[in-house]
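Here's the structure, in C-alpha coordinates; my notes come after.
Numbering of ligands and ligand atoms starts at 1, following listing order. Computed from a prediction, not measured in an experiment: that's the story for all the values here. Just the heavy atoms: all of them, side chains too, but no hydrogens, waters or symmetry mates, feed the values below.
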Amino acid sequence: VPDDFDLFADTTVGDVRDPYPELAAARRDTPVLKREVYNAQTFMVFRYADVGEVLRDPETFSSTIYARGVEMVMGPTILGMDAPEHVRKRALVAGAFRRKALETWAHSLIEPTVHTLIDRFVPRGEADLVREFTFRYPITIIARMLGIPPGDDQTFARLSIELISLAVDFGRGMAASRALGDYFKDLIDVRRKEPEDDLISSLATAEVEGRRLEDEEILGFLRLLLPAGAETTYRLLGNLLFALLSDPPQLEALRADASLAPAAIEEALRWEAPVQFVARRAMRDTRIAGVDIPEGSSVTCSLGSANRDETVFADPDRYDLARDAAHHVAFAEGPHRCLGEHLARLETTAALTALLERLPDLRLDPGDRDPHVHGMAFRSPTCLPVRFTPA
Ligand code: HEM
(Lines give C-alpha, C1' and ligand atoms only; values in the text may rest on other atoms or scores of the structure.)
Protein backbone atom coordinates (compact mmCIF):
# COMPACT_ATOMS: atom_id res chain seq x y z
CA VAL A 1 0.00 0.00 0.00
CA PRO A 2 1.56 3.32 -0.99
CA ASP A 3 1.84 5.69 1.95
CA ASP A 4 2.76 9.35 2.18
CA PHE A 5 6.45 8.51 1.77
CA ASP A 6 5.75 7.04 -1.68
CA LEU A 7 3.89 10.21 -2.55
CA PHE A 8 6.91 12.21 -1.50
CA ALA A 9 9.65 9.94 -2.85
CA ASP A 10 8.57 9.97 -6.46
CA THR A 11 8.65 13.73 -6.42
CA THR A 12 12.32 14.35 -5.59
CA VAL A 13 13.46 16.78 -8.25
CA GLY A 14 16.38 15.59 -10.34
CA ASP A 15 17.59 12.03 -9.94
CA VAL A 16 21.26 12.97 -10.00
CA ARG A 17 23.54 10.50 -8.30
CA ASP A 18 26.91 12.22 -8.32
CA PRO A 19 27.08 15.86 -9.41
CA TYR A 20 30.50 16.35 -7.80
CA PRO A 21 32.87 15.61 -10.72
CA GLU A 22 31.04 18.25 -12.77
CA LEU A 23 31.09 20.71 -9.90
CA ALA A 24 34.83 20.16 -9.47
CA ALA A 25 35.34 20.87 -13.17
CA ALA A 26 33.24 24.03 -12.85
CA ARG A 27 35.35 25.25 -9.89
CA ARG A 28 38.44 24.71 -12.01
CA ASP A 29 37.31 25.97 -15.44
CA THR A 30 34.25 28.21 -15.07
CA PRO A 31 34.08 29.32 -11.43
CA VAL A 32 31.50 31.98 -12.35
CA LEU A 33 29.39 30.52 -15.15
CA LYS A 34 27.18 32.78 -17.27
CA ARG A 35 24.02 31.58 -18.95
CA GLU A 36 21.19 33.26 -20.80
CA VAL A 37 17.78 32.03 -19.73
CA TYR A 38 14.83 33.69 -21.53
CA ASN A 39 16.97 36.77 -22.25
CA ALA A 40 17.84 37.12 -18.57
CA GLN A 41 21.46 36.86 -17.47
CA THR A 42 22.08 34.21 -14.87
CA PHE A 43 25.34 33.36 -13.14
CA MET A 44 26.32 30.27 -11.18
CA VAL A 45 29.01 30.63 -8.52
CA PHE A 46 30.97 27.52 -7.56
CA ARG A 47 33.98 28.42 -5.38
CA TYR A 48 33.84 28.67 -1.58
CA ALA A 49 35.38 32.16 -1.38
CA ASP A 50 33.08 33.59 -4.07
CA VAL A 51 29.96 32.04 -2.52
CA GLY A 52 30.89 33.63 0.82
CA GLU A 53 31.39 37.01 -0.83
CA VAL A 54 27.94 36.92 -2.41
CA LEU A 55 26.14 35.80 0.74
CA ARG A 56 27.86 38.31 3.01
CA ASP A 57 26.99 41.27 0.80
CA PRO A 58 23.18 41.51 0.94
CA GLU A 59 23.14 45.11 -0.31
CA THR A 60 24.62 44.05 -3.63
CA PHE A 61 23.04 40.59 -3.72
CA SER A 62 19.38 40.81 -2.76
CA SER A 63 17.11 38.01 -1.53
CA THR A 64 14.08 39.58 -3.19
CA ILE A 65 14.80 37.22 -6.09
CA TYR A 66 12.67 34.70 -4.18
CA ALA A 67 9.79 37.12 -3.91
CA ARG A 68 7.99 35.98 -7.03
CA GLY A 69 8.41 32.21 -7.07
CA VAL A 70 8.40 31.36 -3.40
CA GLU A 71 5.76 33.91 -2.49
CA MET A 72 3.29 32.69 -5.05
CA VAL A 73 3.19 29.51 -3.03
CA MET A 74 3.91 30.51 0.52
CA GLY A 75 2.90 34.14 0.79
CA PRO A 76 5.48 36.74 1.87
CA THR A 77 8.30 35.08 3.80
CA ILE A 78 11.50 36.33 5.42
CA LEU A 79 13.44 34.28 2.87
CA GLY A 80 12.59 36.84 0.18
CA MET A 81 13.00 40.05 2.22
CA ASP A 82 15.93 42.47 2.49
CA ALA A 83 16.84 44.78 5.38
CA PRO A 84 15.29 46.57 7.17
CA GLU A 85 12.05 44.57 6.91
CA HIS A 86 13.96 41.30 7.04
CA VAL A 87 15.60 42.20 10.33
CA ARG A 88 12.30 43.15 12.00
CA LYS A 89 10.40 40.10 10.80
CA ARG A 90 13.15 37.59 11.45
CA ALA A 91 13.41 38.90 15.01
CA LEU A 92 9.79 37.81 15.61
CA VAL A 93 10.66 34.13 15.40
CA ALA A 94 14.38 34.18 16.10
CA GLY A 95 13.88 33.89 19.86
CA ALA A 96 12.13 30.56 19.54
CA PHE A 97 15.08 29.06 17.64
CA ARG A 98 17.89 30.17 19.95
CA ARG A 99 19.91 27.35 21.46
CA LYS A 100 18.72 28.15 24.99
CA ALA A 101 15.03 28.30 24.05
CA LEU A 102 15.28 24.94 22.33
CA GLU A 103 16.55 23.13 25.40
CA THR A 104 13.06 22.71 26.81
CA TRP A 105 11.95 20.98 23.59
CA ALA A 106 14.86 18.55 23.76
CA HIS A 107 13.49 16.62 26.71
CA SER A 108 9.77 17.25 26.38
CA LEU A 109 9.46 16.63 22.65
CA ILE A 110 12.53 15.70 20.62
CA GLU A 111 13.81 12.73 22.63
CA PRO A 112 10.37 11.18 23.22
CA THR A 113 9.57 11.48 19.50
CA VAL A 114 12.79 9.69 18.55
CA HIS A 115 12.08 6.83 20.95
CA THR A 116 8.47 6.42 19.87
CA LEU A 117 9.59 6.02 16.27
CA ILE A 118 12.32 3.51 17.16
CA ASP A 119 9.89 1.53 19.36
CA ARG A 120 7.84 0.73 16.26
CA PHE A 121 10.57 -1.16 14.39
CA VAL A 122 13.08 -2.22 17.05
CA PRO A 123 11.50 -5.68 17.65
CA ARG A 124 11.82 -6.54 13.94
CA GLY A 125 15.60 -6.44 13.68
CA GLU A 126 15.33 -4.69 10.33
CA ALA A 127 13.98 -1.44 8.95
CA ASP A 128 14.22 1.11 6.19
CA LEU A 129 15.45 4.06 8.21
CA VAL A 130 14.37 6.55 5.53
CA ARG A 131 10.77 5.39 5.31
CA GLU A 132 10.31 4.54 8.97
CA PHE A 133 12.50 7.05 10.74
CA THR A 134 14.18 10.03 9.05
CA PHE A 135 11.10 10.93 7.00
CA ARG A 136 8.65 10.86 9.93
CA TYR A 137 10.76 12.55 12.53
CA PRO A 138 11.37 16.28 11.84
CA ILE A 139 7.85 16.86 10.56
CA THR A 140 6.47 15.65 13.89
CA ILE A 141 8.80 17.99 15.78
CA ILE A 142 7.93 21.08 13.76
CA ALA A 143 4.21 20.26 14.01
CA ARG A 144 4.41 20.24 17.82
CA MET A 145 6.56 23.37 17.98
CA LEU A 146 4.07 25.25 15.81
CA GLY A 147 1.21 24.03 17.98
CA ILE A 148 -0.61 21.60 15.67
CA PRO A 149 -2.82 19.34 17.81
CA PRO A 150 -1.45 15.76 17.66
CA GLY A 151 -4.79 14.46 16.31
CA ASP A 152 -4.23 16.54 13.16
CA ASP A 153 -0.77 15.12 12.41
CA GLN A 154 -1.87 12.94 9.49
CA THR A 155 -3.67 15.72 7.67
CA PHE A 156 -0.87 18.14 8.40
CA ALA A 157 1.83 15.75 7.19
CA ARG A 158 -0.01 15.00 3.97
CA LEU A 159 -0.66 18.65 3.11
CA SER A 160 2.93 19.53 3.97
CA ILE A 161 4.26 16.84 1.65
CA GLU A 162 1.99 17.97 -1.15
CA LEU A 163 3.15 21.55 -0.64
CA ILE A 164 6.80 20.53 -0.55
CA SER A 165 6.48 18.49 -3.74
CA LEU A 166 4.87 21.35 -5.65
CA ALA A 167 7.62 21.29 -8.26
CA VAL A 168 6.23 18.01 -9.55
CA ASP A 169 2.49 18.57 -9.26
CA PHE A 170 1.87 22.29 -9.27
CA GLY A 171 -1.91 22.13 -9.06
CA ARG A 172 -1.87 19.76 -6.12
CA GLY A 173 0.83 21.85 -4.40
CA MET A 174 -1.16 25.07 -4.71
CA ALA A 175 -4.30 23.31 -3.47
CA ALA A 176 -2.35 22.08 -0.46
CA SER A 177 -1.04 25.58 0.14
CA ARG A 178 -4.62 26.90 0.24
CA ALA A 179 -5.82 24.05 2.44
CA LEU A 180 -3.00 24.66 4.89
CA GLY A 181 -3.91 28.35 4.84
CA ASP A 182 -7.52 27.58 5.81
CA TYR A 183 -6.39 25.14 8.45
CA PHE A 184 -3.91 27.58 9.99
CA LYS A 185 -6.37 30.49 9.88
CA ASP A 186 -8.71 28.67 12.22
CA LEU A 187 -5.84 27.76 14.50
CA ILE A 188 -4.55 31.36 14.52
CA ASP A 189 -8.01 32.57 15.64
CA VAL A 190 -8.09 30.03 18.44
CA ARG A 191 -4.59 30.93 19.67
CA ARG A 192 -5.23 34.70 19.46
CA LYS A 193 -8.00 34.21 22.01
CA GLU A 194 -6.20 31.66 24.13
CA PRO A 195 -2.44 31.69 23.54
CA GLU A 196 -0.46 28.58 24.41
CA ASP A 197 3.23 27.90 24.56
CA ASP A 198 3.80 27.43 20.83
CA LEU A 199 4.95 29.34 17.74
CA ILE A 200 1.48 29.99 16.32
CA SER A 201 0.55 31.70 19.60
CA SER A 202 3.71 33.84 19.63
CA LEU A 203 3.09 34.94 16.04
CA ALA A 204 -0.62 35.50 16.63
CA THR A 205 0.12 37.83 19.54
CA ALA A 206 3.35 39.43 18.25
CA GLU A 207 3.50 43.15 17.50
CA VAL A 208 5.78 45.01 15.08
CA GLU A 209 5.87 48.76 15.69
CA GLY A 210 2.61 48.63 17.60
CA ARG A 211 0.80 46.60 14.97
CA ARG A 212 -0.31 42.99 15.14
CA LEU A 213 0.67 40.73 12.25
CA GLU A 214 -1.94 40.13 9.56
CA ASP A 215 -3.09 36.55 9.03
CA GLU A 216 -1.29 36.48 5.66
CA GLU A 217 2.01 37.43 7.30
CA ILE A 218 1.65 34.70 9.89
CA LEU A 219 0.71 32.22 7.19
CA GLY A 220 3.89 33.10 5.29
CA PHE A 221 5.91 32.12 8.34
CA LEU A 222 4.01 28.93 8.91
CA ARG A 223 4.20 27.76 5.32
CA LEU A 224 7.95 28.50 5.26
CA LEU A 225 8.74 26.79 8.55
CA LEU A 226 7.19 23.61 7.29
CA PRO A 227 9.50 22.74 4.41
CA ALA A 228 12.40 24.59 6.04
CA GLY A 229 12.01 22.61 9.23
CA ALA A 230 10.90 19.25 7.95
CA GLU A 231 12.47 18.50 4.61
CA THR A 232 15.98 19.72 5.26
CA THR A 233 16.62 17.99 8.58
CA TYR A 234 15.19 14.78 7.13
CA ARG A 235 17.83 14.98 4.41
CA LEU A 236 20.70 15.81 6.77
CA LEU A 237 19.90 12.87 9.02
CA GLY A 238 19.69 10.52 6.02
CA ASN A 239 23.01 11.72 4.61
CA LEU A 240 24.71 11.35 7.99
CA LEU A 241 23.40 7.82 8.48
CA PHE A 242 24.31 6.88 4.92
CA ALA A 243 27.88 8.15 5.38
CA LEU A 244 28.35 6.25 8.64
CA LEU A 245 26.62 3.04 7.57
CA SER A 246 28.67 2.94 4.37
CA ASP A 247 31.88 3.15 6.38
CA PRO A 248 31.68 0.75 9.36
CA PRO A 249 35.09 1.72 10.86
CA GLN A 250 33.93 5.34 11.19
CA LEU A 251 30.61 4.20 12.63
CA GLU A 252 32.49 2.15 15.22
CA ALA A 253 34.76 5.09 16.03
CA LEU A 254 31.67 7.15 16.76
CA ARG A 255 30.10 4.39 18.84
CA ALA A 256 33.29 4.21 20.90
CA ASP A 257 33.47 7.96 21.46
CA ALA A 258 30.16 9.85 21.55
CA SER A 259 32.02 13.16 21.81
CA LEU A 260 32.66 12.82 18.05
CA ALA A 261 28.95 13.30 17.29
CA PRO A 262 29.03 17.09 16.70
CA ALA A 263 31.96 16.73 14.28
CA ALA A 264 30.19 13.84 12.52
CA ILE A 265 27.14 16.05 11.98
CA GLU A 266 29.06 19.09 10.69
CA GLU A 267 30.97 16.82 8.33
CA ALA A 268 27.69 15.37 7.01
CA LEU A 269 26.45 18.91 6.36
CA ARG A 270 29.64 19.65 4.46
CA TRP A 271 29.82 16.37 2.55
CA GLU A 272 26.23 16.40 1.28
CA ALA A 273 24.59 19.83 1.66
CA PRO A 274 20.84 19.06 1.93
CA VAL A 275 20.04 22.37 0.17
CA GLN A 276 22.34 22.64 -2.83
CA PHE A 277 21.55 26.14 -4.12
CA VAL A 278 20.59 29.58 -2.86
CA ALA A 279 19.77 32.49 -5.16
CA ARG A 280 20.24 36.26 -5.12
CA ARG A 281 19.60 39.22 -7.47
CA ALA A 282 22.40 41.70 -8.31
CA MET A 283 21.20 45.19 -7.32
CA ARG A 284 23.97 47.04 -9.20
CA ASP A 285 26.67 46.28 -11.77
CA THR A 286 29.31 44.31 -9.96
CA ARG A 287 32.05 41.69 -10.45
CA ILE A 288 32.71 38.28 -8.97
CA ALA A 289 36.14 36.74 -9.47
CA GLY A 290 36.78 39.08 -12.39
CA VAL A 291 33.49 38.31 -14.15
CA ASP A 292 31.17 41.27 -14.83
CA ILE A 293 27.69 40.85 -13.36
CA PRO A 294 25.16 43.37 -14.71
CA GLU A 295 22.50 44.83 -12.42
CA GLY A 296 19.37 42.65 -12.40
CA SER A 297 21.19 39.36 -13.04
CA SER A 298 20.35 36.35 -10.97
CA VAL A 299 23.26 34.84 -9.06
CA THR A 300 22.96 31.26 -7.88
CA CYS A 301 25.41 29.96 -5.29
CA SER A 302 26.23 26.25 -5.38
CA LEU A 303 26.56 25.38 -1.70
CA GLY A 304 27.31 21.77 -2.59
CA SER A 305 30.27 22.88 -4.68
CA ALA A 306 31.56 25.39 -2.11
CA ASN A 307 31.52 22.64 0.52
CA ARG A 308 33.76 20.49 -1.66
CA ASP A 309 36.20 23.24 -2.59
CA GLU A 310 39.62 21.55 -2.44
CA THR A 311 41.33 24.82 -1.52
CA VAL A 312 39.36 24.84 1.74
CA PHE A 313 38.72 21.15 2.50
CA ALA A 314 41.48 18.65 1.67
CA ASP A 315 40.33 15.44 -0.05
CA PRO A 316 36.84 16.97 -0.21
CA ASP A 317 34.92 13.97 -1.58
CA ARG A 318 35.75 11.85 1.46
CA TYR A 319 33.42 11.83 4.47
CA ASP A 320 35.84 12.09 7.39
CA LEU A 321 34.49 12.56 10.88
CA ALA A 322 37.93 13.59 12.15
CA ARG A 323 37.75 16.69 9.95
CA ASP A 324 37.03 20.17 11.27
CA ALA A 325 34.19 21.06 8.89
CA ALA A 326 32.45 23.70 10.99
CA HIS A 327 33.03 26.41 8.37
CA HIS A 328 30.89 24.63 5.72
CA VAL A 329 28.16 26.71 4.07
CA ALA A 330 25.27 24.20 4.23
CA PHE A 331 23.30 26.74 6.29
CA ALA A 332 24.39 29.59 3.97
CA GLU A 333 25.97 32.75 5.40
CA GLY A 334 25.11 36.35 6.18
CA PRO A 335 21.77 37.74 7.34
CA HIS A 336 19.68 34.87 5.93
CA ARG A 337 21.84 32.16 7.47
CA CYS A 338 19.54 29.34 8.47
CA LEU A 339 17.34 30.22 11.41
CA GLY A 340 16.85 26.57 12.30
CA GLU A 341 20.47 25.44 12.46
CA HIS A 342 20.46 24.82 16.22
CA LEU A 343 17.20 22.91 15.98
CA ALA A 344 18.57 20.83 13.11
CA ARG A 345 21.67 19.95 15.14
CA LEU A 346 19.64 19.17 18.25
CA GLU A 347 17.28 16.87 16.33
CA THR A 348 20.11 15.13 14.53
CA THR A 349 22.14 14.59 17.70
CA ALA A 350 19.14 13.14 19.54
CA ALA A 351 18.38 10.78 16.66
CA LEU A 352 21.97 9.62 16.23
CA THR A 353 22.46 9.04 19.94
CA ALA A 354 19.27 7.03 20.31
CA LEU A 355 19.86 4.92 17.20
CA LEU A 356 23.38 3.99 18.30
CA GLU A 357 22.23 3.20 21.85
CA ARG A 358 19.22 1.14 20.91
CA LEU A 359 20.31 -0.68 17.76
CA PRO A 360 23.37 -2.82 18.50
CA ASP A 361 25.39 -3.92 15.46
CA LEU A 362 23.39 -1.64 13.22
CA ARG A 363 24.48 -2.25 9.62
CA LEU A 364 23.42 -1.54 6.07
CA ASP A 365 21.82 -4.56 4.41
CA PRO A 366 20.86 -3.53 0.89
CA GLY A 367 19.64 -6.92 -0.39
CA ASP A 368 18.46 -6.16 -3.93
CA ARG A 369 18.08 -2.46 -3.22
CA ASP A 370 20.58 0.24 -4.09
CA PRO A 371 20.81 2.84 -1.33
CA HIS A 372 22.56 5.99 -2.53
CA VAL A 373 22.34 9.74 -2.10
CA HIS A 374 20.54 11.43 -4.99
CA GLY A 375 18.95 14.69 -6.01
CA MET A 376 19.88 17.93 -7.69
CA ALA A 377 18.35 20.83 -5.75
CA PHE A 378 18.01 18.77 -2.55
CA ARG A 379 20.06 15.68 -1.72
CA SER A 380 19.47 12.65 0.51
CA PRO A 381 19.47 8.84 0.32
CA THR A 382 16.77 6.92 -1.53
CA CYS A 383 16.52 4.30 1.22
CA LEU A 384 18.49 2.97 4.18
CA PRO A 385 17.72 -0.75 4.58
CA VAL A 386 19.37 -1.85 7.84
CA ARG A 387 19.60 -4.86 10.14
CA PHE A 388 20.41 -4.98 13.85
CA THR A 389 19.94 -7.27 16.83
CA PRO A 390 16.26 -6.98 17.76
CA ALA A 391 15.42 -5.76 21.24
C1 HEM B 1 19.95 20.47 8.05
C2 HEM B 1 18.92 21.22 8.09
C3 HEM B 1 18.81 22.54 7.41
C4 HEM B 1 19.51 23.06 6.34
C5 HEM B 1 20.62 22.40 5.53
C6 HEM B 1 18.99 24.39 6.12
C7 HEM B 1 19.46 25.24 5.13
C8 HEM B 1 19.10 26.57 5.01
C9 HEM B 1 19.69 27.50 4.08
C10 HEM B 1 20.78 27.18 3.06
C11 HEM B 1 19.08 28.71 4.27
C12 HEM B 1 19.42 30.02 3.56
C13 HEM B 1 18.58 30.30 2.36
C14 HEM B 1 19.05 31.55 1.65
O15 HEM B 1 19.88 32.31 2.18
O16 HEM B 1 18.61 31.81 0.53
C17 HEM B 1 18.10 28.53 5.32
C18 HEM B 1 17.25 29.51 5.78
C19 HEM B 1 16.24 29.28 6.68
N20 HEM B 1 16.02 28.12 7.41
FE21 HEM B 1 17.08 26.42 7.29
N22 HEM B 1 18.00 24.64 7.02
C23 HEM B 1 17.87 23.55 7.83
C24 HEM B 1 17.00 23.38 8.89
C25 HEM B 1 16.07 24.31 9.29
C26 HEM B 1 15.11 24.15 10.36
C27 HEM B 1 15.02 22.94 11.26
C28 HEM B 1 14.36 25.29 10.39
C29 HEM B 1 13.24 25.69 11.30
C30 HEM B 1 12.28 25.06 11.71
C31 HEM B 1 14.84 26.16 9.35
C32 HEM B 1 14.33 27.41 9.07
C33 HEM B 1 14.90 28.31 8.20
C34 HEM B 1 14.36 29.64 7.96
C35 HEM B 1 13.12 30.24 8.62
C36 HEM B 1 15.20 30.25 7.01
C37 HEM B 1 15.07 31.65 6.43
C38 HEM B 1 15.95 32.57 7.19
C39 HEM B 1 15.96 33.98 6.63
O40 HEM B 1 15.62 34.19 5.47
O41 HEM B 1 16.36 34.88 7.38
N42 HEM B 1 15.88 25.54 8.70
N43 HEM B 1 18.13 27.22 5.76
Counting only heavy atoms from other residues, nucleotides and ligands, does the tally under 6.0 Å from [atom1] of [X] exceed 12?
X	atom1	result
E207	CD	yes
R337	CZ	yes
D361	CG	yes
E36	CD	yes
E22	CD	no

Subset of ligand 1 atoms that lie under 4.0 Å from at least one heavy atom of [X]:
X	result
A330	5 (C), 7 (C), 10 (C)
I142	30 (C)
A344	1 (C), 2 (C)
L236	1 (C)
L303	10 (C)
F97	29 (C), 30 (C)

Do side-chain atoms of [X] reach the backbone of [Y] as a donor and acceptor pair under 3.5 angstrom?
X	Y	value
D153	T155	no
R318	D320	no
R358	T353	no

Distance-only donor-acceptor check, side chains H336 and S63, under 3.5 Å: yes
Distance-only donor-acceptor check, side chains R280 and S62, under 3.5 Å: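 No, no side-chain donor-acceptor contact under 3.5 Å.
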Considering only non-hydrogen protein atoms, determine which one is nearest to [atom] and report residue, atom name and distance to 0.1 Å.
atom	result
atom 28 (C) of ligand 1	G340 CA, 3.4 Å
atom 32 (C) of ligand 1	A228 CB, 3.5 Å
atom 42 (N) of ligand 1	C338 SG, 3.0 Å
atom 37 (C) of ligand 1	L79 CD1, 3.8 Å
atom 24 (C) of ligand 1	T232 OG1, 3.1 Å
atom 38 (C) of ligand 1	R90 NH1, 3.4 Å
atom 35 (C) of ligand 1	L339 CD2, 3.7 Å

Decide whether an N or O pair under 3.5 Å exists between [X] and ligand 1.
X	result
Y66	yes
E341	no
H336	yes
R280	yes

Min heavy-atom dist V93 to ligand 1 below 4.0 Å: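 Outside the 4.0 Å threshold, so no.
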Residue-ligand contact H86/ligand 1, heavy atom below 4.0 Å: yes
From CA spacing to verdict: salt bridge (Lys or Arg N to Asp or Glu O under 4.0 Å), E341, R99: CA-CA 9 Å; E341 61 174 311; R99 216 179 306 224; over 6 Å; no
If we set the cut-off at 4.0 Å for heavy atoms, which region of [X] has an atom near ligand 1: side chain, backbone, both, or neither?
X	answer
I78	both
P274	side chain
T77	neither

Identity of the nearest option to atom 13 (C) of ligand 1, non-hydrogen atoms only, from T348, L240, L225, V278: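 Among T348, L240, L225, V278, the closest heavy atom to atom 13 (C) of ligand 1 belongs to V278.
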Presence of salt bridge, R47 and D309, under 4.0 angstrom: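 The answer is no: the pair does not qualify as a salt bridge.
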Presence of salt bridge, R369 and D128, under 4.0 angstrom: yes
H327/F313 aromatic ring centres below 6.0 Å: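 Judged by ring-centre distance (under 6.0 Å), H327 and F313 do meet the cut-off.
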